[in-house]
Amino acid sequence: MDKTKRSAVIAGNWKMNMTPSQTGAFIKELAPKVAGLDGCKVVLCVPYVDIAAAVEAAKGTNIEIGAENVHWAEKGAYTGEISGAMLSECGVKYVIVGHSERRQYFGETDVTVNERVKAGLSNGLKVILCVGETLTEREQGVTYETVARQTKIALLGVSADELKNVIIAYEPVWAIGTGKTATAEQAEEVCAQIRGVIADIYCEACAEATTIQYGGSMNAKNAAELLSMKNIDGGLIGGASLKSDDFTVIVKAAQ
Ligand code: PEP
């Protein structure tokens, strides 16, 4: 299948940035800049407290709103957590799961990532599943083993039909927030390997239909080259998603 048949998705990951009032102002500034750019989906994944403001400001625009995590339980004694049902009732359409900052700082494991993926899907959310190797793993030559393991465990119990609502974000940990981008060739190589893992678990056609993003210091300058690669269908953007002009350039590069 040719790449143009897959959905291109450019998603911002705001991390712990922006207040609700800043959120509304940012989306009002961004919306006219990305209006009519229909060659890719435009998503902003925002902190929980910004969701209401984001959904309101994005009404009538081509910007969709996502969250940065979801808990695996429907409800219960999980202080500080948010369920898929809560997100979807608030108008959230996407959720990031397994971001390396969650794995690194908050004890997220392959198993909890799998639980969260299933919770997102069963609540009708599109899941942006993050996988990626650390610098040590790359230096040890186990990049493939790492992303293959993360992908396989995260997708345990996910049907081929549900896979249609999964986007995989290849995010080398050493490239996130560091200004060190993977070269287009490095990113393409691993994205192609991840597509191979999907083909092994599901089928060739399932793999060909899966959107795979690159994330890790993607910016206005390097986006076009990264997005021109055969297996890179979009981007998960941290720092550059906080600047409307830079984010717009990346959205345009994905057209
Ligand atoms: C991210 O947080 O997913 C990310 C890719 O961050 P940055 O673009 O800032 O490296």
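Starting from 1, each residue takes its place in the sequence as its number. Whatever order the structure lists ligands and atoms in, that order sets their numbers, starting from 1. FYI, side chains are in, hydrogens and waters are out, and symmetry mates aren't considered; it's all heavy atoms of this structure.
For T134, the side-chain hydrogen bond (donor to acceptor under 3.5 Å, both in side chains) partners are E137, not counting sequence neighbours.
Side-chain polar atoms of N17 and Q22 form no donor-acceptor pair below 3.5 angstrom. Counted by atom type alone, N231 and E188 present one or more donor-acceptor pairs between their side chains at under 3.5 Å.
Within 6.0 Å of CD in E162 there are more than 12 heavy atoms belonging to other residues, nucleotides or ligands. No more than 12 heavy atoms of other residues, nucleotides or ligands sit less than 6.0 Å from atom NZ of K93.
Remark: the backbone N or O of K243 is not paired with any side-chain donor or acceptor of D246 at under 3.5 angstrom.
If you look at ligand 1, the protein residues with a non-hydrogen atom under 4.0 Å away are N13, K15, H99, E171, A175, I176, G177, G215, G216, S217, L236, I237, G238, G239.
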